[in-house]
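Structure first, then comments.
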Amino acid sequence: MNRCLFCQEVYLPSWELGNLWTRQVTCPTCKIKFVKRGECVDCGKPGPVCCADCAEWRRQGLTLQTAPLYLYNDAAKDFMHRFKFLGDTALLEMFTDDLKKVKIKQAVLVPIPLSAERLSDRRFNQAELIARRMRGKIVPCLSRLDGPEQSKAGRQARLARSNPFCVTSDVKGKNIVLIDDVYTTGATLRQAMFRLKEAGAKEISAVTLFRSV
């Protein structure tokens, strides 16, 4: 008998062959609440193979292939509230197996940083915790200026915000995978990408837990 990390209910683990080599921490009822990414090849949004947002980013020369694990539905919002804002970091174990399966190739992991003020308030950077669950070397080569909290900003405010990132170490010629929790407009990831490209990074892609819909 196991106790689900998400709903705390007791459940019987699955003995199917595909589950024998994974640590089951989520009950089947909760597991199916998390919906896999959609069809857009650049951001995982459901719908066209290239959504309207990503088509516009491509037109601006700001293509960034981002691999979200799941869509940001009600279950994901509940998870993020508990993980990010209530500090229940143990919940991240729910996605450890998925994160370890992400193929990094010859790249380093760069978590999207918090500002010093935000980090002091929260005591942890959720993107860094996500990166630690992945197979790859973490290189914290970005810093971030203080500014309004992104979760409270609307779409237009996110898109209009000045670039808050600075590159703090040598990234010339490096392949980089940016790590963040939720892809909403894609502006934050592209601001980080822009700074890294300025500093000479070679190829940049991104991985997030969720894709906002």
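These values consider heavy atoms only, across backbone and side chains, with no hydrogens, waters or symmetry-generated copies. Owing to the predicted nature of the structure, the values given are computational and were not obtained by experimental measurement.
- For the residue pair Ser143 and Thr168, the shortest heavy atom distance occurs at OG-CG2, 3.6 Å.
- The closest side-chain donor-acceptor pair between Asn163 and Gln191, if any, does not fall under 3.5 angstrom.
- In terms of hydrophobic clustering, with Ile, Leu, Val, Met, Phe, Trp and Tyr side chains grouped at heavy-atom distances under 4.5 Å, Met134 and Phe124 are assigned to a common cluster.
- A salt bridge is absent between Asp74 and Lys33: the closest approach of a Lys/Arg side-chain nitrogen to an acidic carboxylate oxygen does not fall below 4.0 angstrom.
- Side-chain contact check for Met80 versus Tyr72: some heavy-atom pair is nearer than 4.5 Å.
- Between the NZ atom of Lys84 and the CZ atom of Arg122 there is a distance of 5.0 Å, given to the nearest 0.5 Å.
- Hydrophobic clustering keeps Leu114 apart from Val167 (ILVMFWY residues linked when any side-chain heavy atoms are closer than 4.5 Å, directly or through intermediates).
- Taken from CG in Leu99 to CD1 in Ile104, the straight-line distance is 9.5 Å, to the nearest 0.5 Å.
- With a 4.5 Å cut-off on side-chain heavy atoms, Leu119 and Asp121 do not count as touching.
- Proximity of a side-chain donor or acceptor of Arg211 to a complementary backbone N or O of Tyr70 within less than 3.5 Å is not detected.
- Of the residues listed (Val207, Ile204, Leu109, Thr188), the one engaging Leu178 in a side chain to side chain contact (heavy atoms under 4.5 Å, CB included) is Ile204, and it is the only one.
- Put simply, Leu64 and Phe194 are part of two different groups of oily side chains (I, L, V, M, F, W, Y) that touch within less than 4.5 Å, one to the next.
- Heavy-atom minimum distance, Tyr183 versus Cys54: OH-SG, 4.2 Å.
- Relative orientation of the Phe210 and Phe95 rings is perpendicular, given thresholds of 30° and 60° on the angle between their planes.
- Residues Asp42 and Arg58 form a side-chain contact, since some pair of their non-hydrogen atoms from C-beta on lies under 4.5 Å apart.
- Here NZ of Lys197 is found 9.0 Å from CD1 of Ile176. Values are rounded to the nearest 0.5 Å.
- Taking the side chain as every heavy atom from C-beta outward, Leu209 and Leu92 approach each other to under 4.5 Å.
- Counting heavy atoms from C-beta outward, Gln8 and Arg3 have side chains that approach closer than 4.5 Å.
- Across Lys45 and Asp53, no two heavy atoms sit closer than the pair NZ-OD2, 4.0 Å.
- Here SG of Cys141 is found 13.5 Å from CZ of Arg195. Values are rounded to the nearest 0.5 Å.
- A donor and an acceptor atom, one from each side chain of Arg144 and Ser115, are nowhere located under 3.5 Å apart.
- Between Pro113 and Phe165, the shortest heavy-atom distance links the atoms CD-CE2, 3.7 Å.
- Hydrophobic clustering of Ile, Leu, Val, Met, Phe, Trp and Tyr side chains at less than 4.5 Å, counting indirect connections, unites Met94 with Phe83.
- Val171 pairs with exactly one of Val110, Leu196, Val108, Val139 by the side chain to side chain contact (heavy atoms under 4.5 Å, CB included) rule, that one being Leu196.
- A distance-only check finds no donor-acceptor pair linking the side chain of Arg59 to the backbone of Leu62 [under 3.5 Å].
- In terms of heavy-atom proximity, Cys4 sits nearest to Cys27 at SG-N, 3.3 Å.
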Item to check | side chain to side chain contact (heavy atoms under 4.5 Å, CB included) between Ile112 and Ile179, intermediate numbers included | outcome: CA-CA 6 Å; Ile112 293 294; Ile179 309 298; over 6 Å; no
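- In this structure, OG1 on Thr96 lies 4.0 Å from CD on Glu93, to the nearest 0.5 angstrom.
- Residue Lys202 qualifies as open at atom NZ: its count of foreign heavy atoms under 6.0 Å is 12 or below.
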Next on the checklist: Could you walk me through whether Gln106 and Asn175 satisfy the side-chain hydrogen bond (donor to acceptor under 3.5 Å, both in side chains) test, starting with their C-alpha distance in whole Å, then the side-chain angles of each, then the deciding distance to 0.1 Å, before giving a yes or no?
Outcome noted: CA-CA 7 Å; Gln106 301 299 315; Asn175 295 329; over 6 Å; no
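- Between Val213 and Asn73, every side-chain heavy-atom pair lies at or beyond the 4.5 Å cut-off.
- Val10 is not listed as a side-chain neighbour of Asn2, based on a closest heavy-atom distance of 4.5 Å or more.
- Between Thr208 and Leu69, every side-chain heavy-atom pair lies at or beyond the 4.5 Å cut-off.
- Between the CG atom of Asn125 and the CZ atom of Arg118 there is a distance of 11.5 Å, given to the nearest 0.5 Å.
- One N or O on the side chain of Arg82 and one on the backbone of Phe6 form a donor-acceptor pair closer than 3.5 Å.
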